[in-house]
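Here is the structure we will look at, set down as structure tokens.
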Amino acid sequence: MLDHLTFTAPEPKIIQGAKQDWELVIGLEVHAQVASNAKLFSGASTGFGAEPNSHVAFVDAAMPGMLPVINEFCVAQAVRTGLGIKAAINLRSAFDRKNYFYPDLPQGYQISQLYHPIVGEGEVIVDMGPGVARRVRIERIHLEQDAGKSIHDMDPNMSFVDLNRTGVALMEIVSRPDIRGPEEAAAYVSKLRQIMRYLGTCDGNMQNGNLRADVNVSICAPGAYEKYQETQDFSYLGTRCEIKNMNSLRFIQAAIEYEARRQIAIVEDGGKVVQETRLYDPDKGETRSMRSKEEAHDYRYFPDPDLLPLEIEQAWVDDIASSMPELPDAKKARFVGDLGLSEYDAGVLTAEVENADYFEAVSAGRDGKISANWVINELFGRLNKEGLTVETSPVSAQQLGGIIDLIAKGDISGKIAKDLFEIVWTEGGDPAQIVESRGMKQVTDLGAIEKAVDEIIAANPGQVEKAKQNPKLAGWFVGQVLKATGGKANPAAVNDLVAKKLGQ
Ligand code: ADP
Ligand code: MG
């Protein structure tokens with residue numbers, strides 16, 4: 001099996017300042033909404049887009065006397081995610097209160113896990129092209145509650161609060177500062193999203209804010225990062241700024257680019273970068289200061305007295321581990337190793353779990369490369385053009401498989417297969433039946449093909465003379481025969497016969 005141990009690391013991105021070269025150091029805190037029907041500590045629905053304040057249990061609204069009850073499914077989802085990034089699962093974790101005021105936080109604190117997160121150290125392999133990948137270390141994943149939503153733009157004089165999201169489970173996935181450029185940061189978020197979508201632990205919908213990232217950026221002189229790697233001493237790195245709440249891959253990259261240049265300008269001017277939290281303004285394409293960086297102690301974290309430490313059993317973790325689906329890296333490696341696909345094609349087919357499932361249904365019992373060509377070039381090409389996905393595809397995996405079978409059997413040529421695809425796309429139906437009822441079957445009857453070849457030869461004595469001088473002109477006869485038979489003559493048979501008849 002092609003192993004991800006074989007990759008080489010990409011070069012870090014270099015940015016030229018006015019005075020010297022600089023490198024980037026990036027660490028991400030990704031907030032992923034746990035895919036679960038109910039919230040982390042209440043039975044209220046997590047459904048998106050509902051009437052404001054319609055999915056709020058008493059405990060979500062922090063009514064007096066209400067107590068949180070942990071949702072076992074959310075814990076299982078966090079464990080599953082941890083296993084998906086090869087992380088250590090902590091059998092004992094605990095919830096802490098992170099205290100702050102915000103109108104959409106009725107409790108006055110967020111329940112989170114500071115001291116004892118449920119998931120410890122893991123890693124994510126971030127693909128940066130064939131054979132090139134970055135290993136990004138994960139420091140931890142902890143479970144926490146989401147806050148509600150304040151709405152400021154509905155009324156000129158009032159703000160509104162919607163508590164539907166209050167208490168929804170989030171996984172905060174904290175990376176080490178191992179990301180070395182804007183493209184890598186985007187690729188890292190994509191990879192995490194892909195893994196979680198394969199696992200079914202987060203739907204990855206960034207537009208809805210179900211996956212968003214705080215992006216920490218610092219700059220350093222070339223060589224400094226290597227010293228940090230050797231020693232794990234953060235003092236080799238520059239002071240970081242944190243760009244909050246990014247929910248677009250494009251904006252993440254743009255914000256990092258901007259932020260790096262801003263920091264370089266400060267440092268080259270003799271100034272110092274101030275550690276702070278910044279916001280990215282997509283309209284202006286710049287980051288601006290939101291608040292000075294707060295520290296953990298500012299939040300007066302303490303263990304939540306309403307919740308016992310969370311203890312899970314190894315057997316339960318093993319059970320989850322045994323029901324894990326095949327993950328993207330393994331699937332990609334299998335497509336390359338077992339089906340002979342190029343790494344590029346395997347990457348395209350495994351990018352989205354639904355696409356991979358579709359491809360697997362098509363390629364089951366069929367030639368992998370031929371199936372991949374059809375799925376990528378014909379199907380995906382067409383779906384893209386029409387703004388559809390495999391889920392809304394008019395051609396099912398079974399139908400596409402049927403088309404490929406007809407080619408394999410020699411019933412239709414590749415060219416006719418494209419016409420057939422078009423018919424199935426627009427009209428639906430069983431490919432084999434369509435071929436039968438519309439007389440699209442390829443002529444493999446050598447007698448019939450020979451007759452057509454003879455006719456063309458007899459009708460074009462001049463061309464025959466030329467072709468005898470120049471064997472390349474045989475192609476012209478092949479073309480004529482294919483035309484005369486409406487593209488249904490088996491091209492290989494035509495080639496053979498033409499060559500024979502022309503005495504080649
Ligand atoms: P805090 O709790 O104050 O936010 P963390 O240690 O949790 O600090 O770090 C938050 C994020 O910042 C992590 O993803 C980490 O990798 C990243 N980070 C830490 N130091 C740097 C740095 N010098 N440059 C870029 N990112 C950094
Ligand atoms: Mg943090």
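Predicted model, so just to flag it, every value in this text is computed and none were measured. Whatever order the structure lists them in is the order used to number ligands and atoms, beginning at 1.
- Considering backbone and side-chain atoms alike, I26 places every N or O at 3.5 Å or more from each N or O of ligand 1.
- For the residue pair T201/T81, the side-chain donor-acceptor check at 3.5 Å is satisfied.
- With a heavy-atom cut-off of 4.0 Å, V25 touches ligand 1 through backbone and side chain alike.
- Inclusion of P177 in the set of residues having an N or O under 3.5 Å from an N or O of ligand 1 is warranted.
- Contact annotation: for T239 versus ligand 1, there are no heavy atoms closer than 4.0 Å.
- A cation-pi arrangement is not found for R134 relative to Y188, the charged atom failing to lie both closer than 6.0 Å to the ring centre and inside a 45° cone about the ring normal.
- Considering E29, R240, E172 only, the shortest heavy-atom separation from atom 8 (O) of ligand 1 involves R240.
- The N/O atoms of E295, backbone and side chain alike, include none that comes under 3.5 Å of an N/O atom in ligand 1.
- Y228 and F234 have tilted rings, their planes meeting at an angle from 30° to 60° on a 0 to 90° scale.
- For ligand 1, the atoms lying closer than 4.0 Å to a non-hydrogen atom of G238 are 23 (N).
- Residues K13 and P182 form a side-chain contact, since some pair of their non-hydrogen atoms from C-beta on lies under 4.5 Å apart.
- Contact annotation for R176 and ligand 1: only backbone heavy atoms (N, CA, C, O) come within less than 4.0 Å of the ligand.
- Contact annotation: the side chain of M290 never approaches that of E242 to less than 4.5 Å [non-hydrogen atoms, C-beta and beyond].
- Cation-pi contact between R97 and Y109: present, with separation from the ring centre below 6.0 Å and deviation from the ring axis of at most 45°.
- In N216, the parts holding a heavy atom less than 4.0 Å from any atom of ligand 1 are both the side chain and the backbone.
- For the residue pair R80 / Q77, a side-chain donor-acceptor distance below 3.5 Å is found, with atom types taken as modelled.
- At a 3.5 angstrom cut-off on N or O pairs, Q275 does not count as close to ligand 1.
- Close N/O approach between S218 and ligand 1 is found [any backbone or side-chain N/O within under 3.5 Å].
- A cation-pi arrangement is present between K98 and Y299 under the rule of less than 6.0 angstrom and at most 45 degrees off the ring axis.
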